[in-house]
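One is the number of the first residue; the rest follow in order along the sequence. For ligands, and for the atoms within them, numbers begin at 1 and follow the listed sequence. What's counted below: heavy atoms across the whole structure, side chains too, no hydrogens, waters or symmetry copies.
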Amino acid sequence: MSRTGARVERLPLARYTTLGVGGESEVWFVSTQEQLAEAMEQPYRILGGGSNLVIADGGVPERVLRLSGPFAERDLEPDPQLSTGTEIVTGWVGGGVPLPGLVRALQKLGLSNLEGTVGIPGQVGGSVWMNAGTRFGEMFGGLHTIEIATPGGVRQVTPDDLNWGYRQSGIPRNHIVTRVRLKLRRSTPGEVQANMDAADQARKGQPKNKTPGCAFKNPTLPDGHKVSAGKLIDEAGLKGTRVGNAMIASEHANFIVNLGGATAADVHALLEVIREKVGVPMELEYELWPERPELTQAPVAEAR
Ligand code: EPU
């Protein structure tokens, strides 16, 4: 236990990621603002659903913070002061709340705006931080207020205060999305379900193995068109390429999958192969712990 009562334990991080890779590190389970402030006194990283993350085989030296307790609870009651007839603003939804259960609950309530994120396995905090989404919708399509813990204290912002865009919120890396209020449109369970079905359909061909999801963001070509990173990697002939027990999926080339017993080093090696073989500069969508700028950023000379 820490001074303020946070549970602190050394744990293998592989079990907290959808890829199933990552060594031992010191995990802080924080359930109050006070515990969070204490945890942030030393270098730290924030672990959400671990669904877009590749953690090195040796773990990380920093504290790994995980939101629990009230930070993993949700209040979907419309706020009477902020809601109107058709627009609903909810109570607080914790950063540690799993996104899939939230999306399902909103469908049952007939509340629309976030159903396009169906199938994304992360938690609310991480999903907001990277503005996770699909072609059918993204997190910033349904946010009213975002509460952020920073090294300088807690503050509340609206999407208008942030420089958000495709797969980015503009929230600095070491700031933690502790809770949000959702902005939703009153619809019907049937209509929300129909939208979810469309997004689900688009995901049909994706691999079923352990994976952190799409490896690269879809790049924008010099002529302004966005192209599918998966299509580019596929066209480079890389589907099925294997290093150790990691493989570029044969179903969709923007997915790296763990065939069982893969290491982070295997995954890094595959990212290098993709960087080398695909001519178009692409930005990594995964988070790498620790950072590997040479794998993350699109080559500066070519990126425009
Ligand atoms: N394609 C290929 N070969 C491939 C993969 C795709 O030819 O190996 C072609 C498809 O046939 C299709 C086009 O590329 O014509 C687009 O593919 P898809 O519909 O799968 O969309 P995407 O742009 O590759 C995006 C998101 C996915 C999301 C899907 C479905 C990004 C980087 N990816 O993929 O998100 O699931 O749309 O909505 O934005 C993720 O972010 O982790 C992720 C997987």
Side-chain angles (χ1 to χ4, degrees), residues 17-21 48-55 98-100 103 113-142 164-169 192-221 223-242 246-258 267 270-271 273-275 277-289 295-298 303:
T17 68
T18 56
L19 174 64
V21 159
S51 58
N52 192 49
L53 181 62
V54 181
I55 303 174
L99 186 59
V103 169
N113 281 356
L114 285 180
E115 63 270 28
T117 66
V118 66
I120 294 175
Q123 294 181 353
V124 167
S127 304
V128 168
W129 184 81
M130 68 170 288
N131 190 17
T134 70
R135 213 166 48 242
F136 301 88
E138 56 187 355
M139 292 306 292
F140 273 72
W164 62 272
Y166 170 68
R167 297 295 192 276
Q168 62 172 46
S169 62
V192 177
Q193 182 62 51
N195 295 340
M196 279 167 80
D197 290 346
D200 256 344
Q201 191 61 32
R203 201 178 285 277
K204 274 273 153 46
Q206 296 185 358
K208 305 280 182 286
N209 311 61
K210 288 183 171 179
T211 175
C214 280
F216 292 91
K217 300 184 187 186
N218 287 339
T220 305
L221 297 178
D223 67 5
H225 280 96
K226 214 180 234 323
V227 287
S228 163
K231 189 157 191 280
L232 294 173
I233 302 166
D234 188 2
E235 283 167 0
L238 293 175
K239 273 185 177 170
T241 304
R242 197 170 156 171
M247 190 176 86
I248 297 176
S250 32
E251 296 93 338
H252 189 300
N254 202 11
F255 285 77
I256 292 177
V257 296
N258 180 356
V267 176
L270 277 178
L271 294 174
V273 171
I274 296 173
R275 277 254 179 266
K277 296 277 164 65
V278 176
V280 179
M282 300 186 296
E283 196 186 332
L284 199 68
E285 182 167 309
Y286 298 162
E287 284 279 293
L288 301 184
W289 286 11
L295 291 176
T296 305
Q297 273 138 32

* Asked: Would a search of protein heavy atoms around atom 15 (O) of ligand 1 find one under 4.0 Å away?
  -> no

* Rounded to the nearest 0.5 Å, what's the gap from OH on Tyr166 to CD on Glu138? Could you check? => 10.0 Å

* Structure fact -> ligand 1 atoms nearer than 4.0 angstrom to some heavy atom of Gly213 are 42 (O)

* To do: Assess whether side-chain hydrogen bond (donor to acceptor under 3.5 Å, both in side chains) is satisfied between Gln193 and Asp197, documenting all intermediate values.
  => CA-CA 6 Å; Gln193 182 62 51; Asp197 290 346; 2.8 Å; yes

* Answer yes or no: is there a donor N or O on one side and an acceptor on the other, between the side chain of Arg167 and the main chain of Gly133, under 3.5 Å? => yes

* Kindly indicate whether atom 11 (O) of ligand 1 is approached by any protein heavy atom to under 4.0 angstrom. => no

* Is it the side chain, the backbone, both or neither of Phe216 that has a heavy atom closer than 4.0 Å to ligand 1? -> backbone

* **Tyr286 versus Cys214, closest heavy-atom pair with distance** => CE2-O, 3.4 Å

* Of all the atoms in ligand 1, which lie at a distance below 4.0 Å from a heavy atom belonging to Asp234? -> 2 (C), 3 (N), 4 (C), 7 (O), 8 (O)

* For the side chain to side chain contact (heavy atoms under 4.5 Å, CB included) test, which of Val267, Asn209, Thr211, Val21 pairs with Asn258? -> Val21

* Structure fact -> For Tyr166, the atoms of ligand 1 under 4.0 Å from one of its heavy atoms are 31 (C), 32 (C), 39 (O)

* State, to 0.1 Å, how close Val257 and Ala249 come at their nearest heavy-atom pair, and which atoms those are. => CG1-CB, 4.1 Å

* Asked: So how far is it from Lys217 NZ to Leu284 CG, rounded to the nearest 0.5 Å?
  -> 9.0 Å

* Okay, side chain of Lys239, backbone of Gly237: is any donor-acceptor separation there less than 3.5 Å? -> no

* Among all protein heavy atoms, pick the one closest to atom 25 (C) of ligand 1 and tell me residue, atom and distance. => Asn218 ND2, 4.3 Å

* To the nearest 0.1 Å, how far is atom 42 (O) of ligand 1 from its closest protein heavy atom, and which atom is that? -> Cys214 N, 2.8 Å

* Asked: Distance below 4.0 Å between atom 44 (C) of ligand 1 and any protein heavy atom?
  -> yes

* Structure fact -> Note: Lys239, heavy atoms under 4.0 Å from ligand 1, region reported as side chain

* Can you tell me which residue and heavy atom of the protein come closest to atom 8 (O) of ligand 1, and the distance to 0.1 Å? -> Ala253 N, 2.8 Å

* Asked: How close does the nearest protein non-hydrogen atom get to atom 17 (O) of ligand 1, and which residue and atom is it?
  -> Ser228 OG, 3.9 Å

* Asked: Does atom 28 (C) of ligand 1 have a protein heavy-atom neighbour under 4.0 Å away?
  -> yes

* Could you find the nearest protein heavy atom to atom 36 (O) of ligand 1 and give me its residue, atom name and distance? => Gln206 NE2, 2.8 Å

* Structure fact -> In this structure, atom 21 (O) of ligand 1 is nearest to the protein heavy atom Arg135 NH1, 3.7 Å

* Main-chain N/O of Glu285 paired to Asn52 side chain as donor or acceptor, under 3.5 Å -> yes

* To do: Please check if the side chain of Asn254 supplies one atom and the backbone of Phe216 the other of a donor-acceptor pair under 3.5 Å.
  => yes

* Heavy-atom contact under 4.0 Å between Glu251 and ligand 1? -> no

* To do: Please report the shortest heavy-atom distance between Met139 and Asn131, naming the atom on each side.
  => N-OD1, 3.2 Å

* Asked: Who's the nearest protein heavy-atom neighbour of atom 41 (O) of ligand 1, and how far?
  -> Glu285 OE2, 2.7 Å

* **Backbone N/O of Met282 and side chain of Arg275: donor-acceptor pair under 3.5 Å** => yes

* **Shortest protein heavy-atom distance from atom 20 (O) of ligand 1, along with the residue and atom involved** => His252 NE2, 2.9 Å

* Asked: How does Tyr286 reach ligand 1, by side chain, by backbone, by both or by neither, if only non-hydrogen atoms under 4.0 Å count?
  -> neither

* Asked: Taking heavy atoms and a distance under 4.0 Å, where does Arg167 meet ligand 1: side chain, backbone, both or neither?
  -> side chain

